[in-house]
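Just below is one structure, and these are the notes that go with it.
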Protein chains: 2
Amino acid sequence: MTPALERRSLIEELAGKGIRMTAQRRAVIEVIQEAKEHLDAEALLERAREWHPHIDRATVYRTIDLLKKLRLIDELDLMHLEGEKHFYEVKTTREHVHLACFRCGRIQEFSSSLFEQLKSEISEQAGFTIRVTRLEVGGACRECAAHDPATLSP
Amino acid sequence: MTPALERRSLIEELAGKGIRMTAQRRAVIEVIQEAKEHLDAEALLERAREWHPHIDRATVYRTIDLLKKLRLIDELDLMHLEGEKHFYEVKTTREHVHLACFRCGRIQEFSSSLFEQLKSEISEQAGFTIRVTRLEVGGACRECAAHDPATLSP
DNA sequence: TTAAATGCAAATCGTTTGCATCTGT
DNA sequence: ACAGATGCAAACGATTTGCATTTAA
């Protein structure tokens with residue numbers, strides 16, 4: 001998701017760290033990188049199978065773990081709009097907020113310098129060294145709020 | 001968690017909405033309200049049993065659901081520091097960020113007007129009607145960063 | 001050559017459900 | 001009286017694990 005601003009592709013990044021590259025990993029990585037929406041582990045598995053038909057679910061999870069530990073991808077909950085699964089996206093230089101519409105399910109991304117300022121404030125005032133941030137907002141998108149004012153109630 | 005700023009107790013809030021009050025619900029609600037740390041469903045169950053020994057796990061989950069739907073409590077992930085469970089806290093008027101230390105596990109709360117400004121900006125610029133927000137930050141707290149500089153590395 | 005990665009199947013964790021029974025209003 | 005709440009046990013979805021086998025470097 002989000003136009004990739006990374007200098008190196010994930011594959012290169014891993015090679016640079018001397019991490020072993022297998023066909024299965026390559027498949028998962030390609031899929032995450034090319035994805036135009038946020039994918040969960042199941043979707044990642046299905047799409048990776050188009051490249052490497054016998055890849056197993058466990059391998060997908062292990063690859064996700066690897067990329068998470070190396071901090072090359074971010075894990076999202078997207079307000080648990082559909083169960084407890086997680087979604088993944090390549091880490092970009094500019095962090096963004098995810099806005100999840102409870103009515104239509106759409107996910108919008110929003111970035112703002114206020115978010116960057118808030119992070120600096122947290123580091124400075126709380127003396128906290130930030131490694132990951134996750135800001136998710138749930139509510140009604142413009143269209144849904146207009147169509148269905150009930151979405152706004154209580 | 002967080003000094004309660006609510007005008008009415010949760011019990012009163014429910015009574016006001018004509019919601020049936022049972023001993024089990026009262027127990028869970030008292031526990032959430034008095035808690036000094038963030039509790040998950042298991043912890044809620046254990047403590048509620050001190051008041052109502054035979055309360056069942058399912059009832060705890062159903063009560064959590066009820067309070068969530070009425071938007072009287074917030075659900076937190078706390079960066080999944082310990083598995084995938086959720087934590088709960090009474091909704092307060094002032095929203096805050098949760099800072100989760102990956103090394104010592106401590107959770108700090110942080111509130112800032114920048115957060116409020118960011119939320120207004122989201123409503124205005126994206127036309128998004130905010131119902132819930134969840135901002136969680138993972139990293140190293142001041143003490144851990146000082147003790148163990150490795151915590152800060154890649 | 002050999003440490004690391006994979007597939008498979010079974011296990012785990014947190015949570016949800018169906019249903020018969022009980023209880024608040 | 002009866003809609004709604006409970007306890008129990010079984011089911012669930014997402015993820016993780018152990019272990020024998022294969023593979024990248």
Side-chain angles (χ1 to χ4, degrees), chain A residues 10-32 38-49 51-70 73 75-88, chain B residues 10-32 38-49 51-70 73 75-88:
Chain A
L10 293 185
I11 305 267
E12 290 169 329
E13 204 80 46
L14 294 183
K17 293 184 197 294
I19 287 167
R20 199 176 286 192
M21 187 52 51
T22 64
Q24 291 90 326
R25 273 185 188 167
R26 210 185 322 273
V28 174
I29 291 172
E30 296 287 2
V31 170
I32 295 191
H38 297 100
L39 302 178
D40 62 5
E42 177 70 30
L44 236 35
L45 174 64
E46 282 166 21
R47 298 214 187 166
R49 280 193 170 148
W51 291 101
H52 191 93
H54 290 311
I55 186 173
D56 190 80
R57 202 173 223 92
T59 301
V60 171
Y61 279 108
R62 288 191 273 235
T63 304
I64 289 171
D65 257 20
L66 176 72
L67 298 172
K68 259 199 308 192
K69 290 212 178 86
L70 294 171
I73 58 172
E75 185 176 67
L76 314 172
D77 288 340
L78 301 184
M79 296 310 283
H80 302 124
L81 239 48
E82 343 162 25
E84 291 302 310
K85 55 193 168 195
H86 296 130
F87 296 85
Y88 301 92
Chain B
L10 293 186
I11 304 268
E12 290 169 328
E13 205 78 47
L14 294 183
K17 293 184 196 294
I19 288 168
R20 201 176 284 192
M21 187 52 52
T22 63
Q24 292 89 322
R25 276 185 184 166
R26 211 185 321 274
V28 174
I29 291 172
E30 296 287 3
V31 169
I32 294 192
H38 298 101
L39 303 178
D40 61 8
E42 176 69 31
L44 236 35
L45 174 65
E46 282 166 22
R47 299 214 187 166
R49 280 193 169 147
W51 291 100
H52 191 93
H54 291 310
I55 186 174
D56 190 80
R57 203 173 223 89
T59 301
V60 171
Y61 280 107
R62 288 192 272 235
T63 304
I64 289 171
D65 258 20
L66 175 72
L67 299 172
K68 260 200 306 194
K69 290 212 179 87
L70 295 171
I73 58 173
E75 185 176 67
L76 315 171
D77 288 340
L78 302 183
M79 294 311 282
H80 303 123
L81 241 49
E82 343 163 23
E84 292 301 311
K85 55 193 169 194
H86 296 131
F87 296 85
Y88 301 91

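Residue numbers begin at 1 in each chain, while the letters A, B, ... track the order of the sequences. Note that these values count all heavy atoms, side chains included, but never hydrogens, waters or copies made by symmetry. This structure is a prediction, so every number in the text was calculated from the model and none was measured.
Within 4.0 Å of B/R62, counting heavy atoms only, lies at least one base atom of the nucleic acid.
Side-chain atoms of B/R25 do not come within 3.5 Å of backbone N or O of B/V60 as any donor-acceptor pair. Put simply, the side chain of B/R57 never gets that close to the backbone of B/L45: no donor and acceptor are under 3.5 Å apart. Between the side chain of A/D77 and the backbone N or O of A/M79, no donor-acceptor pair lies under 3.5 Å. A/T63 contributes a side-chain N or O that, together with a main-chain N or O of A/T59, makes up a donor-acceptor pair within less than 3.5 Å.
Look at B/K85 and B/E42 and you find no salt bridge, because none of the NZ, NE, NH1 or NH2 atoms lies under 4.0 Å from a carboxylate O.
When each of B/R57 and B/E84 is assigned the nucleotide of DNA chain D bearing its nearest heavy atom, the one mapping closer to the 5' terminus is B/R57. Both A/L66 and A/R49 sit near DNA chain C, but only A/L66 has its closest nucleotide nearer the 5' end. Along DNA chain C, the nucleotide closest to B/K68 and the one closest to B/I19 are compared, and the more 5′ of them pairs with B/K68.
What separates CG of A/L45 from P of D/dT16 is a distance of 14 Å, to the nearest Å. Taking atom NE2 of residue A/H80 and atom P of nucleotide C/dT16, one finds them 11 Å apart after rounding to whole Å. Atom CG in A/L39 sits roughly 15 Å away from atom P in D/dA14 (whole-Å rounding). One atom, NE2 of A/H54, and another, C1' of C/dA9, lie 17 Å apart when rounded to the nearest Å. Rounded to whole Å, atom C1' of D/dG7 lies 10 Å from atom CD1 of B/I55. For B/D56 and C/dA20, the CG to P distance is 17 Å, given to the nearest whole Å. If you take CD of A/E46 and P of D/dA14, they are 12 Å apart, rounded to a whole angstrom. Protein atom CD1 of A/I64 is 13 Å distant from nucleotide atom P of C/dT6, rounded to whole Å.
Atom CG of B/L10 sits about 6.5 Å away from atom CG of B/L14, to the nearest 0.5 Å.
When the side-chain nitrogen and oxygen atoms of A/Q24 are compared with OP1 and OP2 of D/dT23, none of them lie within a distance under 4.0 Å. The shortest distance between the side-chain N/O atoms of B/T59 and the OP1/OP2 oxygens of D/dA5 is not below 4.0 Å. Between A/H86 and D/dA14 there is no side-chain polar atom (N or O) within less than 4.0 angstrom of OP1 or OP2.
For B/D65, whose side chain is taken as the heavy atoms from C-beta onward, the closest listed nucleotide among C/dC8, D/dG7, C/dT16 is C/dT16. Nearest to the side-chain atoms of A/R20 among the listed nucleotides D/dC8, C/dA5, C/dT15 stands C/dA5. Which of D/dG7, C/dT15, D/dA25 sits closest to the side chain of B/Y61 comes down to C/dT15. In the set C/dG7, C/dT6, D/dA5, D/dA5 carries the atom at the smallest distance from any side-chain atom of B/R25. Of the candidate nucleotides D/dT15, D/dA5, D/dC8, D/dT15 has the atom lying nearest to any side-chain atom of A/Y88. You'll find that the side chain of B/A58 is closest to D/dA9, out of C/dT6, D/dA9, C/dG7.
Only one option out of A/V31, A/D40, A/L39, A/I64 pairs with A/Y88 in a side-chain contact (heavy atoms from CB on, under 4.5 Å); it is A/I64.
Using a 3.5 Å distance cut-off with no hydrogens or angles, the side chains of A/H86 and B/E84 do pair a donor with an acceptor.
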For DNA chain C, what string of dots and brackets results from 5' to 3' when Watson-Crick and G-U pairs need both distances under 3.5 Å, crossing pairs get [ ], and pairs with another strand get |? ||||||||||.||.|||||||||||

